[in-house]
Undergrad: 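Got a structure for you, questions after.
Note that the coordinates shown come from a computational prediction; the quantities given were computed from them, not determined experimentally. Naming: A, B, ... by sequence-line order, numbering from 1 per chain.
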2 protein chains.
Amino acid sequence: MNVQLLNKKEAIFESTLKLINEHGFHGTPMSQIAAHANVATGTIYHYFSSKDELILELFKYCREKTNEHIFNFNEDLSYKERFFYIWNRLVDYYVAHKETFWFIEQFYSSPYYELIKQRKTTYYGVDKMHLFFEEGIKSGIIRDVSFYTLISIYIGSATSHVKMVTYGFCKMQAKGREDLIEIIWNGVKNQ
Amino acid sequence: MNVQLLNKKEAIFESTLKLINEHGFHGTPMSQIAAHANVATGTIYHYFSSKDELILELFKYCREKTNEHIFNFNEDLSYKERFFYIWNRLVDYYVAHKETFWFIEQFYSSPYYELIKQRKTTYYGVDKMHLFFEEGIKSGIIRDVSFYTLISIYIGSATSHVKMVTYGFCKMQAKGREDLIEIIWNGVKNQ
DNA sequence: TGCACCCGAATGAACGTTCAATTGCTAAAT
DNA sequence: ATTTAGCAATTGAACGTTCATTCGGGTGCA
């Protein structure tokens, strides 16, 4: 795959991302995506077999890009520091890439996600989080509760926070964010 | 089909809810909604001026029904007891009404929500939560942080938990839920 | 010459909405 | 008690549009 090819494919991705945010999955015609990406309608079908396939691929693309950003911490940070770091990186990334955030949210709560779920692929991000929480539990730093309980509070509050911020409800972004991760830490840590 | 026993408008609501969960907003034709509700296509347009209007009305209907369920606590419960009660009622309601939950989630993360947001109606549920958190802060029981911070952690984790449960990821439902609200309480309470 | 890439008009199916016609219901008038 | 008028409720075929996908024909490069 040469460079030109990557550019076209990414242009299609980025255009899809932008337009789906504005008009929803089915409010976004292929012709519009093509026009926005400066390619012909038919060209999209050279890269993706269908609109659904395009959306599925875009979802994976977004998830990978997000994961790349949040797990690149310095190995000699303390556990608590990494706990704060990963969470803040996630919030940062989503706030800086609102379209990615909303696309992922839209995807997860739509019937599309059923298709991915059935494909039964454990993916990078979940594995990383699993290991991270396991480390904290084994070393006695955080409470011994189930992975999904920890994920619910750690990721759930992060996405909720980003929703508030991007909706424009939440003004004091920095303060609110610091309070939030501190509350989570207080709740999750041992003692 | 028992929906035909309800009045026509509610039958249309319930059918829309079910079908949109299965096929998404635009994967659900009006003709299919009508068929499932045992009415003619044209009948829907007697009650709703358009498909968008139907979806907006359905959203309000779902939100009201949810709020009715979560705020009906006994007034002489302690603050902590109410803090646990409301959260559990919300999770209970969503788990028992998965279609309502997923519809609301889908709606919030879609462009539809922009339409509601602009109408600038403060609504019952938010006001209730606002007063509840304010009470906790004023009496010094919970930490003095912004409303949106509290909402992010309280509601965000609840919806995340429900997602895990309805996706089938989370097996130990009761235990996980108890851990979760306890963690939130630990994080949010003073001292 | 062959292959990958690209184009965009044409196709045909699907869908939201309309509408003219019909029925059911209520209450006023006889 | 019966008729009548009028409006609300209901129907589903028909309409016009939109859109995903196809396809026949390009271009440029190995």
Side-chain angles (χ1 to χ4, degrees), chain A residues 1-61 103 106-107 110-116, chain B residues 1-59 61 103 106-107 110-112 114-116:
Chain A
M1 205 184 274
N2 64 34
V3 176
Q4 169 71 14
L5 210 156
L6 267 174
N7 286 342
K8 282 251 159 74
K9 198 168 177 180
E10 288 202 344
I12 294 167
F13 273 155
E14 296 300 327
S15 299
T16 309
L17 203 51
K18 181 189 169 63
L19 293 169
I20 282 185
N21 262 279
E22 281 169 20
H23 308 113
F25 288 128
H26 300 267
T28 306
M30 293 296 259
S31 56
Q32 221 176 101
I33 294 171
H36 189 273
N38 288 311
V39 299
T41 313
T43 304
I44 299 179
Y45 288 85
H46 178 72
Y47 296 98
F48 307 97
S49 63
S50 70
K51 190 178 182 181
D52 278 7
E53 187 65 27
L54 163 60
I55 289 170
L56 257 56
E57 289 293 318
L58 177 55
F59 174 70
K60 289 185 206 158
Y61 171 83
F103 174 77
Q106 224 175 312
F107 188 95
S110 76
Y112 278 113
Y113 184 60
E114 285 293 325
L115 302 176
I116 291 279
Chain B
M1 202 187 303
N2 52 8
V3 282
Q4 72 196 138
L5 302 175
L6 306 166
N7 70 49
K8 289 253 156 71
K9 197 168 176 180
E10 287 206 341
I12 294 166
F13 273 156
E14 295 301 328
S15 297
T16 308
L17 202 52
K18 181 189 170 63
L19 292 169
I20 283 185
N21 261 279
E22 280 169 20
H23 308 113
F25 289 128
H26 301 268
T28 306
M30 293 296 259
S31 57
Q32 219 176 102
I33 295 171
H36 188 272
N38 288 311
V39 299
T41 313
T43 304
I44 299 179
Y45 288 86
H46 177 72
Y47 295 98
F48 308 97
S49 63
S50 69
K51 189 178 180 180
D52 278 7
E53 186 65 26
L54 163 59
I55 289 169
L56 257 57
E57 290 292 317
L58 177 55
F59 174 69
Y61 171 84
F103 175 77
Q106 224 176 311
F107 188 95
S110 77
Y112 279 113
E114 284 293 324
L115 303 175
I116 290 279

Undergrad: Taking the minimum atom-to-atom distance to the side chain of Ala40(B), which one of dC6(C), dA20(D), dT11(D) wins?
TA: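 Closest nucleotide among those given: dT11(D).
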Undergrad: So Phe107(A) and Tyr113(A), would you call those rings parallel, tilted or perpendicular, with 30° and 60° as cut-offs?
TA: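 Phe107(A) vs Tyr113(A) ring planes: perpendicular.
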Undergrad: For a quick test of reading the model: is some side-chain N or O of Lys8(A) closer than 4.0 Å to OP1 or OP2 of dC6(C)?
TA: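 Answer is yes, contact under 4.0 Å.
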Undergrad: Pull out every residue in residues 44-53 of chain B that has a heavy atom closer than 4.0 Å to any atom of DNA chain D, ordered by number, or say none.
TA: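 By residue number: His46(B), Tyr47(B).
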Undergrad: For Gly42(B) and for Gly42(A), find the nucleotide of DNA chain D with the closest heavy atom, then tell me which residue's nucleotide is more 5'.
TA: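 Nearest-nucleotide comparison on DNA chain D picks Gly42(B).
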Undergrad: Check whether any side-chain N or O of Thr41(A) sits under 4.0 Å from OP1 or OP2 of dG8(C), and answer yes or no.
TA: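 Answer no for this pair, as no side-chain N or O of Thr41(A) is under 4.0 Å from OP1 or OP2.
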Undergrad: Quick one: Ile33(B) CD1 to dT11(D) P, roughly how many Å, whole number?
TA: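 Ile33(B) atom CD1 is separated from dT11(D) atom P by 15 Å.
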Undergrad: Indicate yes or no for a side-chain donor-acceptor contact from Thr28(A) to the backbone of His23(A) under 3.5 Å, with no hydrogens or angles considered.
TA: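 Between the backbone of His23(A) and the side chain of Thr28(A) there is no qualifying donor-acceptor contact (under 3.5 Å).
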Undergrad: So, for Phe13(B) and Phe48(B), is the gap between ring centers shorter than 6.0 Å?
TA: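 Yes, they do, as the ring centres are separated by less than 6.0 Å.
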Undergrad: Write down the distance between NE2 (His23(B)) and C1' (dC15(C)), rounded to a whole number of angstrom.
TA: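 One finds 15 Å between C1' of dC15(C) and NE2 of His23(B), rounded.
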Undergrad: Send over the distance from Met30(B) CE to dT17(D) P, rounded to a whole Å.
TA: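 Rounding to the nearest Å, CE of Met30(B) and P of dT17(D) are 19 Å apart.
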Undergrad: Measure CG/Asn7(A) against C1'/dC5(C) and give the value in whole Å, please.
TA: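 Rounded to the whole Å, the gap is 14 Å.
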Undergrad: Going by the angle between their ring planes, with limits at 30° and 60°, are Tyr112(B) and His26(B) parallel, tilted or perpendicular?
TA: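 Parallel, since the angle between the ring planes stays under 30°.
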Undergrad: What is the distance from CZ of Phe25(B) to C1' of dC15(C), rounded to the nearest Å?
TA: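 It is 17 Å, rounded to the nearest whole Å.
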Undergrad: Using a strict cut-off of less than 4.0 Å between a Lys/Arg side-chain nitrogen and an Asp/Glu carboxylate oxygen, indicate whether Glu22(B) and Lys18(B) qualify as a salt bridge.
TA: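 Lys18(B) and Glu22(B): salt-bridged.
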Undergrad: Does either side chain, that of Glu14(A) or that of Tyr61(A), offer a donor lying less than 3.5 Å from an acceptor on the other one?
TA: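 Tyr61(A) and Glu14(A) do have a side-chain donor-acceptor pair below 3.5 Å.
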Undergrad: Are OP1 or OP2 of dC7(C) and a side-chain N or O of Thr43(A) less than 4.0 angstrom apart?
TA: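 Yes, because at least one side-chain N or O of Thr43(A) sits under 4.0 Å from OP1 or OP2 of dC7(C).
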Undergrad: Counting N and O atoms only, with roles assigned by atom type, does the side chain of Lys51(A) sit under 3.5 Å from a partner on the main chain of Phe25(A), one being a donor and the other an acceptor?
TA: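 Between the backbone of Phe25(A) and the side chain of Lys51(A) there is a qualifying donor-acceptor contact (under 3.5 Å).
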Undergrad: To the nearest angstrom, how far is His26(A) atom NE2 from dT17(D) atom P?
TA: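 The distance from NE2 of His26(A) to P of dT17(D) comes to 23 Å, rounded to the nearest Å.
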